[in-house]
Structures are given as C-alpha cells and as structure tokens.
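Notes to accompany the following structure.
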Amino acid sequence: FVAKVWEWKEDHGNQIKEQLERLGASCDWTRARFTLDEGLSRAVRHVFVTLYNEGLIYRDLAMVNWCPRCGTAISDIEVEYKDTEGKLYLIDYPVVGDERRLTVATTRPETMLGDTAVAVHPDDVRYQSLVGKQVALPLTSRTIPIITDAILVDPEFGTGVVKITPAHDKNDYEAGMRNELPRIQVIDEAGMMTDAAGALFAGLDRDAARIAVVEALQSQGLLREVKAHQHSVAYCGKCDAVVEPMISRQWFVRVEALAQPALEVVRSGRVEVLPESWLSTYYNWMENIHDWCISRQLWWGHRIPAWYCDCGEMIVSEEPPASCPSCSQDTLRQETDVLDTWFSSALWPFSTMGWPEKTADLQAFYPTDTLITGFDILFFWVARMIMMGIRFTGVPPFRRVFLNGLVRDEHGQKMSKSRGNVIDPLVIVDEYGADALRFTLAILTSGRDIPLARSRIEGYAAFATKIWNATRFALMHIEQDLQSAKPILRDELNAVERWILSRLNTATAEVNRALSNFRFDEAANRIYQFFWHEFCDWYIEMSKPVLSGRHGDRAAQEKAKRVLLEVLDRSLRLLHPFMPFITEELWQKLGAREPSIMIANYPLAEEILEDAGAEAVIQTIQQIITLVRTLRLERGFAPKDRFRLNLTIPDQRDAQFFQSNAYLLLELARLSVVTINESVRDDAYRDSIDGLEIAIEFPEKVLTEEQVERVARDIEKLEQDLAATEVQLENEKFVGRAPAAVVQQVRDKRQDLMARLEKLRQNAGGNAS
RNA sequence: GCGGGGUUAGCUCAGCGGUAGAGCAUCUGCUUUACACGCAGGGGGUCGUGGGUUCGAAUCCCUCACCCCGCACCA
C-alpha cells in the first residue's frame, strides 16, 4: 500500500512541478524537497521529542473529531461545518416511580442509547421536584439519573431538558466529567453501533440505527414530535463524511505556549501580514487556540517516535531504543499512529535547510524575506510555521506574509469537478500561453477571489500578440541593436520623444511602487495601459512619419529609432516578471546586453526623464486629433476625406511649435493642410482646446438633423457644466475654505468652458449653407 | 453570536475626500503596409438604503438591507 502511495506521490508531485515549470517559476529545482525526505524526517523526530520532553506534546484520552470513513482522528481545523437541513426529535423519557415523562430534544436519536443522564437547569422551577429521580432510558433496560447542570442547559431552549451522551458529544463529554457520569460508547470507529447499543441495534451503521431507533420509539409511543431543524453539521474536510465526536487516546500539542510568541511577532510588526485585513483573523485564532491533535490513524506519514513495552513503559526517542529502560525487555513496539501532515510542514522553513545542524544553507536562507501563499492555509500552515520557527530557531521564519486570493470561476464560484467549472492551468497554457495566464492572474489578484474568466485570459493573450507585433514593427526599422545603441541625448529629442520617455518614466515609477506594495494588479494594469494605449496607440503612430522619412532628416530618423529601441527595451524589462517567455524572446531579438532578460536590471524611474511641458503639449495635440476624428465619423465623412484645419495661436513661440509639429496633426488626423493664424470660411466648425481656437473646414455637406442635435447637445452639456462651476465659484465658503489650487482649477475650468461655448455657439444652427 | 470582507457600466472588478475608471461585452466606421488577437469613434453608471460630517463624499462616520468568508454555538 505504501509503495502505491509513493507512486501516487511521484505522479502528482511531478504534475505540480510541471505546472510550476510551465508557468515559468524560476526555482532552483535541485533544491526540491519533500517532507518525508530523510533530512526532514530527522527534524520532525527532533522537534517531537523536544516538545514531548518539555511537556508540550502529550498523549491522552480525549474527545476528538473522528472521521469514520478515513478511520482516523482529525484536528479541529480539518472539520468543515455546514448548515444542514435536519430534524429535531422530541423523545419522552418516563420518570421512574412517577406518572410524568421528561421530553428531551435531539438531532441524533441514535445516540440516546448511550445516554447516562438527563439534565435540567438548577433554577428551572418546572423540574425541581424531579431532580434526583431516575428516568427509564427507552429501548434499554437502564435507568439514568436526572441531574442539574447550569453550563450545559439553557432553560429557554426546547423543553429545557437535555439528554447527556458523554461518549458521543463534546459538550456532553464535558458535562459527564463535571458530574462524574459513566461513558457508554455505542458507536465504533467505523460508524457502526456497538454491542453496548443493545441487541436490536448492534452492528447497524449509525444512519440505519437512527431510522431503527426512531421506529422503535414510535411504536412504543415515546416519540412525541419530529420537526424540521436547521443546524450546522461537522464534515470531514478531506472526505466529506459526517464527523463523529469520539473518545480516543491521541497525541496533542499544547499550542498555547507556542502561540504567545507567534502573536507577539505579528503584533510588534516583526512579521508583517498583508493584506492587513487578515491581521484580526490571525489574532482571533491565535488568541483562542486549542490543543492540536497531531496523531492520525493512517499508514502514510511520519510515524510517531514513541515505543511501547509490554511492561507498560513508553519511550519517546529520536532513534529506536534498543531495550526498555524499565524492564530491559527488547520487544518494543513503535507507535503505529503517524503525524498530521501539517506537523512536518510547520518545520519546512528550517527542516529543508539541514536543521538541526547549523548548516550554511540555514545561515543563508533562514529566515526568508516573504512568504506568499493562499489565505486558506493561514492557520494550517502559516501560523504553525511562525510558532515552530520561533520555538526552534529563535526567530520567525519570514519577515512578511502576503496572502493571495483563491482562484475561482468567472462568477466567483469555487472550482469543483462536480460543478464542471475547473480550469486546468496546463490546458490554459496550451491554449493561450503561460504569459497570458500569468498576466491574467496578476491583474486579478486584488481581493479574496480571483475570478478567472476565459474572456479575460483571451484579452491578455491578445496583449502578448500586441507586444509581439509592436516589436516586429520596431525590428523593421532598427538596424542597430541594444548592444551598440548609443545613449540618447535628451536635448536632441523632439517633443513626442520627450513625451513618451516621460510617460514611460511615470509608468515605471508607478509599477515599482505597486510592486513594493504587493499590488500586482495595479502594476500589471499600469504596464498594459502604457504599452498598449500610450506606446502603441500614440507613440508608434506619431513616430511613423519620421521613421518612414516622410518628415524630418536622417538624423531625426536615427533618433526616432533609438527612442523606439529604448522604450521597447525598458518596457520589456518592466513586463518581464509578468510575461517572462515573450519578453525574453523579444529582448534577445533586440540584441540583448545580458545573456538573459531575467538578470537585466529592473527599470527604475529617473527624474531626468520627466517632462511636464512635453506631456502638456502632446496632450493638446492628442485632443485636437481626437476632435477631428470624432467629427469626421459623426458627420459621415470617409477616412480618405481630408480637411483644412486652422489654429489661432496668439503666442508667437506656441505658434512656431505647432507649425513645426503640424505634421502630427496632418498625418494622425488625416488633414489636407494645417494653417496657423489664417482666416477661415464662415461655415467652418469651431472649437477651443486648451486656449487654442480651432477651425475645421469640412466640405459643404448638409448636416442631418441628428448632427445638428449633437451640436446642440454638446452646447447644452457645456452650459450645464459652466453653470455648475459658476455656482461653485459664487459660493464664498468654497472659495474661502477649499485649497487655492482647487479653486484655481475650477477657475481654469470655467475659462475653458466659456471659450469652448463661445466657439461651439458659432456652429449652432447648422453650417450647411 | 463574534470577527472580517463586500454591494460602482450588461459581466468581472479597480478607484477610497476634489469634474465617475479598466478588461470583456455592446454600437458605428475602417483591407490607415506592426497587429482585424487590429485601428478609429461612440453609447452605457442618481457608485445598495437612509442619515450625518465637510466648501465639497463613490471615497470619512452612523443606520438599515442583502451577499460572501472565517470562528464559535446549535438539546
């Protein structure tokens, strides 16, 4: 059996490794470790024995969560509680030597066979005369006492009478201890009724027993009522069977002493937990922590290093003892229980480094910087690593924990085979590429859920194609490669070039900031936005006239190539962590300076690249281009139709600038001619952008009603905006209390609105004649 | 019951005190020689409810409603 499990482990371990490799995880695979490797097993034994000797591990009889399907005890956090529609059975227990009957309520009638008392609240006047008497336990020959218990019984609930089954319920177990009640086990480890349940029921499984008990009670007229009842039922986290509370001898860790320092390092910030919203969850759990049941009745795992002797002696030791220290007998039996898998996982940060030896690896790699994992194993793994790390090395195993969300389907539903909404990463990699998947995951990690939608992956696969094509375009023009590229002298650059470098610089700063804040979504979004909508949509188009030689001289062309190369180089490096494969490929095509983009420097913002002036002026040009494009489409003109555009610019220097950059307007807005400060036809379309008067001479064309309405609507909208700004500026409180910059902003806005309105009104009434 | 998160465009989500954003979807036009996995342009939101703070609130505070996730309880 164990050999088969090893086979399974090989299969699945390899699958996981393949998934990681194909996603481009750049790990040192020679250091791959498994918790059952010998080195780690030694660490496990060492920790176990140490904690045992300190009294932090103990073996005792206790009420544990038992999974009858798995045949093992499980820990509290492996139990999943689900609200379940069940039934509440009201059963009459006849009082001995009395006409009366006590009615108890239960959701698990089969457990009544193991009742050893019924309890009422000590202050409950209804039952005071009965306390101390006995009831005849139906379906059995036993009589059990009527006792009082203030902790167990809520007189308000049900009939105020509680049946006590100390062997099969956690609260009843405790009540049984308080009142020194006997415990009768009526359900065994397999979920079958024991002989103690009586001849009628012994051998039935617990579900069949429930039906049989209810029928038997009914036939004796003792079943008073059955009502629908919603309550939470405990299920096994692994196999989904209903968990059976069971008294059993198990091994436990006394966690409280370990939890205190683990709380302290987080409270003091020595270990940072991100996002911060998880802090209170962590505190809440650690402050209310219960002993951890670590023994499992399974075949697979670290076998507990304890040996038993027939004489009753137990030896806990890292290595098998030769003989019993008490009676010298050498026929010792090792504990057959194995450890909870999370026990060895808790030691991972140092057990993988050769601990307890003080190895060089331990020195170099412990503690580590950041742990990134899913929030679902915060308690299972993260908290326990912190506890064990502090206890055994003196320092927490990492300085920061980043908890990422869990991948769901596109509607936020948990992926499951039965829902049929599982997305296999390898299938996605085959279909869309690892880069697209990684980018999508990065951009979606903003919250607790990662709603992975195919449409989303498709979109970012298109982005990868876009990057490919943009680089292809660059390579058509670039002869020089990255290795021999001359540095760019900023003074030689034109406005468009200074603009794109400034925009890239802003993006670079924002990406770096987002990454240091663990906002992978913001970082990915920012690169996407820059690369596609600024670099491709605008810069490449604006550089085409120069690159193709239609505008400017050879020197200008060379410069444009160098800028193109520079922007691509930086963009690819910025993108590399998100899309490692395509960026490596393209970077090499550009003539890499390093053997791999992986080891190239990650771009940092440089103040010298900032250029607010270039950004402002290019933005104005973009607005003019967009205006022309919009009007062209709305007025029903074809892309090939060309118009004359005139700009009225009072400032001499500005006029010169727009004159020399008129080619941008000409090409991108597809104009026939751009003039500055010349007269235009009376029927030209008028507007105003950033203080520039704009006039476009469309060919004579009768405007449709719709187009006339459009002009009217634009004017109406502007009038509303203007009215709103005026109200604001007339408000003395606003002008008095708002920051000066904000007030100025509104004043500028009013100015701009007034200028536009004046121009647009000239268009009103149609310009067809 | 305790704790946390959420409610923003058709869908999935950013934004968290100064004029509502993205991807996808949708509509219109386009063989503009990098890309139709594209280009250009557009439409679409009283930012869950009610109140408060503020010159100003999707953004801060309170109320309520609904949803999700932990934990505890459930005779």
Side-chain angles (χ1 to χ4, degrees), chain A residues 76-77 81 83 86 88-91 103-108 118-119 152-154 157-165 169 171-172 229-233 275 277-281 283-285 288 375-376 378-379 406 408 410-412 432 436 440 443-444 446-456 458-477 519 521-522 525 528-529 533 536-537 540-541 544 548 625-626 629-634 636-640 667-668 670 721 724-725 728 731-739 741-743 745-746 749:
Chain A
D76 291 349
I77 53 177
Y81 291 91
D83 277 343
L88 190 65
Y89 301 85
L90 301 186
I91 304 168
T103 306
V104 300
T106 181
T107 54
R108 303 196 55 200
V118 293
L152 183 68
V153 185
D154 171 8
F157 189 96
T159 57
V161 185
V162 184
K163 65 190 265 314
I164 301 180
T165 321
D169 180 275
N171 289 313
D172 290 6
H229 181 65
Q230 217 203 19
H231 62 137
S232 135
V233 175
S277 58
W278 287 107
L279 276 175
S280 50
T281 305
Y283 294 146
N284 202 18
W285 190 69
N288 298 294
F375 68 77
D376 55 331
L378 175 60
F379 303 149
L406 263 38
R408 313 272 180 176
E410 58 194 300
H411 298 293
Y432 303 102
T440 309
I443 221 160
L444 292 176
S446 52
R448 281 183 191 211
D449 292 336
I450 302 176
L452 191 58
R454 270 179 180 267
S455 62
R456 212 64 203 248
E458 255 168 59
Y460 297 117
F463 180 48
T465 309
K466 188 75 180 178
I467 299 163
W468 184 270
N469 281 316
T471 308
R472 215 158 54 94
F473 169 80
L475 288 168
M476 282 169 43
H477 294 278
R519 287 301 303 265
D521 59 323
E522 274 179 13
N525 244 323
Y528 179 97
Q529 188 62 30
H533 298 305
C536 291
D537 288 351
I540 288 186
E541 294 309 316
K544 278 177 182 175
S548 68
I625 291 166
T626 299
R629 285 169 173 171
T630 307
L631 288 167
R632 177 199 307 278
L633 198 64
E634 279 184 353
F637 292 105
K640 62 180 191 310
E667 295 230 3
L668 273 72
R670 306 191 132 226
D721 285 357
T725 51
Q728 213 174 354
N731 183 344
E732 284 169 26
K733 285 178 178 173
F734 171 71
V735 179
R737 297 191 197 179
V742 173
V743 176
Q745 209 178 313
V746 177
K749 185 183 164 188

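First the proteins, then the strands, lettered A, B, ... as listed; each starts at 1.
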So what's [N] paired with, Watson-Crick or G-U wobble, going by both distances under 3.5 Å?
N	answer
B/rC2	B/rG70
B/rU12	B/rA22
B/rG17	none
B/rA65	B/rU7
B/rG41	B/rC27

Using a heavy-atom cut-off of under 4.0 Å over every strand shown, decide if [X] touches base, sugar-phosphate, or nothing.
X	result
A/Asp154	base
A/Arg472	sugar-phosphate
A/Glu541	base
A/Thr159	nothing
A/Phe375	nothing
A/Ala453	nothing
A/Thr725	nothing

Think [X] has a side-chain N or O under 4.0 angstrom from the OP1 or OP2 of [N]?
X	N	result
A/Lys640	B/rC30	no
A/His533	B/rA40	no
A/Thr471	B/rA34	no
A/Thr626	B/rG41	yes

Look only at the side chain of [X] and the backbone of [Y], and say whether a donor-acceptor pair between them is shorter than 3.5 Å.
X	Y	answer
A/Arg454	A/Glu410	no
A/Asn731	A/Lys733	yes
A/Asn284	A/Ser280	no

Rounded to whole Å, how long is the line connecting atom [atom1] of [X] with atom [atom2] of [N]?
X	N	atom1	atom2	result
A/Asp76	B/rC71	CG	C1'	11 Å
A/Asp537	B/rA22	CG	P	13 Å
A/Asp83	B/rG70	CG	C1'	14 Å
A/Leu378	B/rC71	CG	P	11 Å
A/Asn288	B/rA72	CG	C1'	9 Å
A/Asp521	B/rG15	CG	C1'	11 Å
A/Arg448	B/rU7	CZ	P	13 Å
A/Trp278	B/rG6	CH2	P	12 Å

Worksheet item: What are the two closest heavy atoms between A/Thr159 and A/Val104, and how far apart are they?
Response: OG1-CA, 4.2 Å

Discussion item. Show the nearest heavy-atom pair for residues A/Asp172 and A/Asp169, with the distance to one decimal.
Written reply: N-OD1, 3.0 Å

Counting only side-chain heavy atoms from C-beta out, which of [options] sits nearest to [X]?
X	options	answer
A/Glu522	B/rG4, B/rG23, B/rG15	B/rG15
A/Ser446	B/rG18, B/rC30, B/rC13	B/rC13
A/Asn469	B/rC37, B/rC35, B/rG41	B/rC35
A/Thr465	B/rU28, B/rC37, B/rG3	B/rC37
A/Ile540	B/rG5, B/rG42, B/rA34	B/rA34
A/Phe379	B/rG41, B/rG4, B/rG70	B/rG70
A/Ser277	B/rG5, B/rC35, B/rG18	B/rG5
A/Arg519	B/rG15, B/rC35, B/rG18	B/rG15
A/Lys466	B/rC39, B/rG18, B/rU12	B/rC39
A/Pro451	B/rG41, B/rC13, B/rG4	B/rC13

Can you tell me how far [atom1] in [N] sits from the matching atom in [M], rounded to whole Å?
N	M	atom1	result
B/rC62	B/rU26	C1'	40 Å
B/rU31	B/rG17	P	47 Å
B/rA22	B/rA9	C1'	11 Å
B/rG42	B/rU46	C1'	22 Å
B/rU63	B/rC2	P	13 Å
B/rA58	B/rG15	C1'	9 Å
B/rC60	B/rG1	P	25 Å
B/rA14	B/rG5	P	14 Å

Worksheet item: Does the side chain of A/Tyr89 reach to within under 4.5 Å of the side chain of A/Arg108, using non-hydrogen atoms?
Response: no

Worksheet entry | Heavy-atom check, side chain of A/Arg456 versus side chain of A/Ile443, under 4.5 Å | yes

Discussion item. Please verify the inter-ring angle class for A/Trp278 with A/Phe375; under 30° counts as parallel, over 60° as perpendicular, anything in between as tilted.
Written reply: parallel

Item to complete: For residues A/Tyr432 and A/Tyr460, establish whether the separation of their ring centroids is below 6.0 Å.
Response: no

Worksheet item: Could one point to a donor on the side chain of A/Ser232 or the base of B/rC73 with an acceptor on the other under 3.5 Å away?
Response: yes

Practice prompt. Name the residue closer to the 5' end of RNA chain B, choosing between A/Asn525 and A/Phe463 according to the nucleotide with the nearest heavy atom.
Written response: A/Asn525

Fill in: Residue closer to the 5' end of RNA chain B, A/Arg629 versus A/Leu152 (nearest nucleotide)
A/Arg629

